[in-house]
Amino acid sequence: MDLITLTGLRVRGNHGVFDFERRDGQDFVIDVQLGLALRPAAASDDVADTVHYGELAARLAEIVAGPPVNLIETLAQRLVDACLADPRVARAVVTVHKPQAPIPLTFTDVSVTMTGTR
């Protein structure tokens, strides 16, 4: 299985369980890895034969910036589902990072990774 990887997509969203998270919003960082056959696109040299990663990024950003959810687990599942909407994608691994999570301690990142397969 070949891979397409999109790393570090930063989008402002209003997800979280606290009122201030939904009111003020924060940045979420998205990493995606798609498993699919890329040889047809390599042979044709045509973007129509692969996942257009610009269009994928726009769709994922739309979801992150869209209606809020309480948990990044829910957000990650929605992003996995969006990746698997393309029938060529056999596997999608999505990590949602919440680097400004409301934790009263020093930390670098909080993330959830979910995998979906066809």
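Remember, predicted model here, so these are calculated numbers, not experimental data.
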Specify the closest pair of heavy atoms between [X] and [Y], including all atoms of both residues, with the distance to one decimal.
X	Y	value
Ile72	Lys98	CG2-CD, 3.9 Å
Thr50	Arg88	O-NH2, 3.0 Å
Phe20	Pro102	CZ-CB, 3.7 Å
Val112	Ala76	CG1-CB, 4.4 Å
Met1	Ala90	CE-CB, 4.0 Å

Exercise for the section: Quick one: do Asn70 and Glu21 satisfy side-chain contact (heavy atoms from CB on, under 4.5 Å)? Show the steps, please. Expected result: CA-CA 10 Å; Asn70 289 331; Glu21 291 180 289; over 6 Å; no
Taking side chain as C-beta onward, heavy atoms only, is [X] less than 4.5 Å from [Y]?
X	Y	result
Arg91	Thr115	yes
Val32	Thr5	no
Leu6	Asp31	no
Met114	Val94	no
Cys83	Leu56	yes
Ile63	Leu75	yes
Asp86	Glu55	no
Leu34	Leu3	no

Looking at [Y], is its backbone amide N or carbonyl O close enough to the side chain of [X] to form a donor-acceptor pair, meaning the two atoms are under 3.5 Å apart?
X	Y	answer
His15	Val64	yes
Gln77	Thr74	no
Gln26	Asn14	no
Asp2	Leu38	yes
Glu62	Ala58	no

Handout entry: Ring centres under 6.0 angstrom apart (Phe28, His97)
Key = no
Practice task
Identify whether the distance between the nearest side-chain nitrogen and carboxylate oxygen of Glu73 and Arg78 falls below 4.0 Å.
Solution key: no
Problem - salt bridge (charged side-chain N to carboxylate O under 4.0 Å, His left out) involving Arg118 - partner list, sequence neighbours excluded - result: none
Practice task
Please check if atom CG in Asp46 has more than 12 non-hydrogen atoms from other residues, nucleotides or ligands closer than 6.0 Å.
Solution key: yes
Handout entry: Candidate pair Val96 and Ser111, rule side-chain contact (heavy atoms from CB on, under 4.5 Å), full reasoning
Key = CA-CA 5 Å; Val96 175; Ser111 66; over 6 Å; no
Practice task
I would like to know whether Val110 and Ile103 meet side-chain contact (heavy atoms from CB on, under 4.5 Å); could you show each step before the answer?
Solution key: CA-CA 9 Å; Val110 171; Ile103 299 172; 3.4 Å; yes
Practice task
List the steps and the verdict of side-chain contact (heavy atoms from CB on, under 4.5 Å) for Val29 and Leu9.
Solution key: CA-CA 5 Å; Val29 181; Leu9 178 65; over 6 Å; no
